[in-house]
Amino acid sequence: MEYASNEQKDKYKEFILQFLDKFKAGIGLLAMVIVMSFLSDRFLTLPNMLNIFRQVSIMGIMAVGMTMVILAQGIDLSVGSILALSGAVTAGMMAGDTSMVLSVLIGLAVGTGLGLFNGLMISKAKLPDFIVTLAMMSIARGLVLVYTGGRPISGFDPAFRTIGGGRVGMVPIPVIIFAVILVIGYLVLNKTTFGRYIYAVGGNQQAARLAGINTDSIKIKVYAISGFLSAVSGVILTSRLNSAQPTAGVAYELDVIAMVVLGGTSLVGGKGTIGGTLIGALIIGVLNNSLNLLGVASFYQEVAKGLVILVAVLLDSLQHRD
Amino acid sequence: MKKLVALVVVMSFMLVAGFAGAAEAYDVGLAISTLDNPFFVDLADGAEEAAEELGVNLTVVDAGDDAATQMSSVEDLVIQGMDLIAINPVDGDAIVPAIEEADMMNIPVITVDRGAETDVAVHIASDNVEGGRMAARYMAEMLENQGRVIELEGIPGTSAARERGEGFNEIMDEIEGIEIIARQPADFNRAQGMSVMEDLLEAHENIDAVFAHNDEMALGAIEAIDAAGLTDEIMVVGFDAIGDALTAIEEGTLAATIAQQPHEMGRLTIEMAVQLLDGEEVDEFVPVPLELITQ
């Protein structure tokens with residue numbers, strides 16, 4: 001009798017632990033939101049919520065691409081530089097009197113092309129992803145400086161500002177773009193063969209290849225997607241600031257990877273979700289916003305952000321160790 | 001173990017919350033371009049000191065020289081309901097949308113050191129015109145109102161070049177014994193300063209003094225003068241008081257330089273903020289005094 005009830009208890013315990021495990025990022029986010037709403041009466045207001053969403057949308061879009069890359073057991077360090085180059089090219093084209101639509105398309109093409117190049121180097125030339133994308137980070141940043149001469153580019157068609165600064169009703173347009181990309185990312189990963197292959201490649205590349213999956217093609221595609229989405233963010237950021245900054249996106253790769261990892265995607269590939277990445281993005285967003293709202297000195301902010309990331313990864317790693 | 005995630009996050013937040021203050025005085029936000037640069041650290045220190053004295057709640061945010069970060073943090077300051085926001089822009093164009101958001105919420109904006117490409121309540125920056133005058137007065141005194149002078153100009157069209165030149169020439173024009181024998185742009189650049197000075201040394205004789213719109217050009221000119229063996233003949237005055245210039249003053253190769261006072265700039269920012277919020281009349285441009293540095 002007693003034995004049976006113990007088993008019952010274990011089952012409950014197991015269930016609760018699994019629940020906590022699955023939703024730990026969400027629980028963390030919820031905890032932050034609750035604590036913050038007590039600490040600042042400005043926090044849990046609609047304008048501030050929209051503000052947070054708008055602030056995370058630029059990096060969040062990149063994090064969707066990064067999620068796919070990491071799921072396929074890769075890493076992309078070049079996202080920040082690609083963002084800057086795409087933004088600068090778009091801005092430069094517009095400043096040179098090219099039409100807005102064409103300029104944006106060229107900017108997006110540049111980003112996608114660089115991502116494609118990353119993918120080819122990694123899959124066909126069999127170079128380590130870390131090195132290839134690190135090299136691209138430097139190449140693209142250098143090209144931004146060459147292209148802009150190190151100076152910001154500004155002065156475009158006022159209509160261009162709508163992309164980053166406009167709203168539909170109360171909702172900022174970058175948030176809408178982010179939402180659409182999240183949905184597409186979710187559908188691609190869960191409802192398409194390509195999506196299942198991404199998980200397969202990340203889970204076990206050898207097995208995936210033996211099963212007849214063209215792993216090279218999958219890898220090339222995820223890097224191209226990451227490049228494309230970085231370019232989308234680059235266009236939005238350029239619009240939001242109404243100028244292209246040569247230093248835009250420096251160190252964004254760290255925050256973007258943090259978003260993905262905080263969202264529970266495993267750095268060894270094959271495990272993770274887009275929903276998790278959204279939570280991860282919001283954790284970073286709420287953290288940055290809260291620290292500003294609370295008036296925490298900026299030097300402490302860096303420390304706090306690093307600690308939160310470290311703790312999340314540490315807990316994840318402890319859990320996978322046993 | 002797993003419950004710890006939530007717990008740790010909450011606890012780290014509570015810890016962080018300990019830094020937050022609360023009071024009823026004016027809430028002022030100060031968005032600094034980068035606290036990696038000692039100039040802006042001094043500025044922030046000056047502002048904090050003045051805020052303490054005047055009972056202002058000051059929130060300082062640092063953009064790490066990233067225009068996007070600065071925009072987000074200014075938005076956060078707007079949401080936070082600051083009474084006034086002072087901005088030291090990373091970029092004068094990119095900050096415009098953030099200033100417009102503050103405008104929409106009727107929060108007055110003060111720009112500090114660097115301006116923005118839009119209207120703000122007050123702009124606070126070093127008085128470059130007065131700096132130019134100070135350099136001229138010092139030079140005239142040392143030359144005993146008698147001599148042939150060369151002016152090395154900054155990048156044409158920049159406010160620093162225009163204003164420093166304006167102040168310098170205003171004084172020099174009135175002194176009969178002093179003749180400006182050449183004015184050449186050397187683009188605020190050391191290498192350029194050297195090559196322009198080399199050319200001028202070929203073209204002119206009996207040069208008594210050189211005023212450069214910044215220290216980089218002055219140091220370049222000193223190299224050229226040294227190579228020509230005229231160090232003891234020609235006096236050089238720079239502007240900005242950069243580290244290398246202070247060393248050159250100690251060594252005696254540079255006669256003087258004009259230093260900005262970032263600490264004072266920070267103090268004035270808060271003082272002007274309080275005056276503005278008290279409803280007093282404040283000038284659109286508030287100049288920060290400069291300081292002459294000699295051996």
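All values reported here derive from a predicted model rather than from experimental measurement. Here is the naming used below: chain letters follow the sequence lines, and residue numbers restart at 1 for every chain.
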Of all heavy-atom pairs between A:N292 and B:T59, which one has the smallest distance, and what is that distance? O-CG2, 4.3 Å
Contact origin within A:L237 toward chain B - heavy atom pairs under 4.5 Å: side chain
Heavy-atom closest pair (B:P97 atom, A:N242 atom, distance to 0.1 Å) is CG-CB, 4.3 Å
Correct closest heavy-atom pair for A:Q245 and B:A94 would be NE2-CB, 3.3 Å
Heavy atoms from other residues, nucleotides or ligands near CZ of A:F160 exceed 12 (cutoff 6.0 Å): yes
Taking CZ in A:F38 as the centre, count heavy atoms belonging to other residues, nucleotides or ligands within less than 6.0 Å. Is the count above 12? no
With rounding to the nearest 0.5 Å, note down the distance linking CG in B:D91 to CZ in A:R151. 12.5 Å
Flag if over 12 foreign heavy atoms under 6.0 Å of CE, B:M105: no
Might you point out which heavy atoms bring A:Q55 and B:D76 nearest each other, and give the distance in Å? NE2-OD1, 3.2 Å
Do A:S243 and B:D93 get their side chains close enough for a donor-acceptor pair, meaning under 3.5 Å? no
So for A:D41, is it side chain, backbone, both, or neither that comes closer than 4.5 Å to the heavy atoms of chain B? neither
Counting only non-hydrogen atoms closer than 4.5 Å, does B:E117 touch chain A with its backbone (N, CA, C, O), its side chain (CB onward), both, or neither? neither
Where does B:L35 contact chain A at under 4.5 Å (heavy atoms): side chain, backbone, both or neither? both
CG/B:D119: more than 12 non-hydrogen atoms of other groups inside 6.0 Å: no
Which portion of A:T247 sits near chain B, non-hydrogen atoms under 4.5 angstrom: both
Looking at B:E101, B:E75, B:Q70, B:E100, which has the largest count of heavy-atom pairs under 4.5 Å with chain A? B:E75
Toward chain B, the part of A:R54 with a non-hydrogen atom under 4.5 Å: side chain
Should the heavy atoms of other residues, nucleotides or ligands under 6.0 Å from CD of B:E52 be counted, would the total exceed 12? no
Heavy-atom closest pair (A:L241 atom, B:A67 atom, distance to 0.1 Å) is CD2-O, 3.7 Å
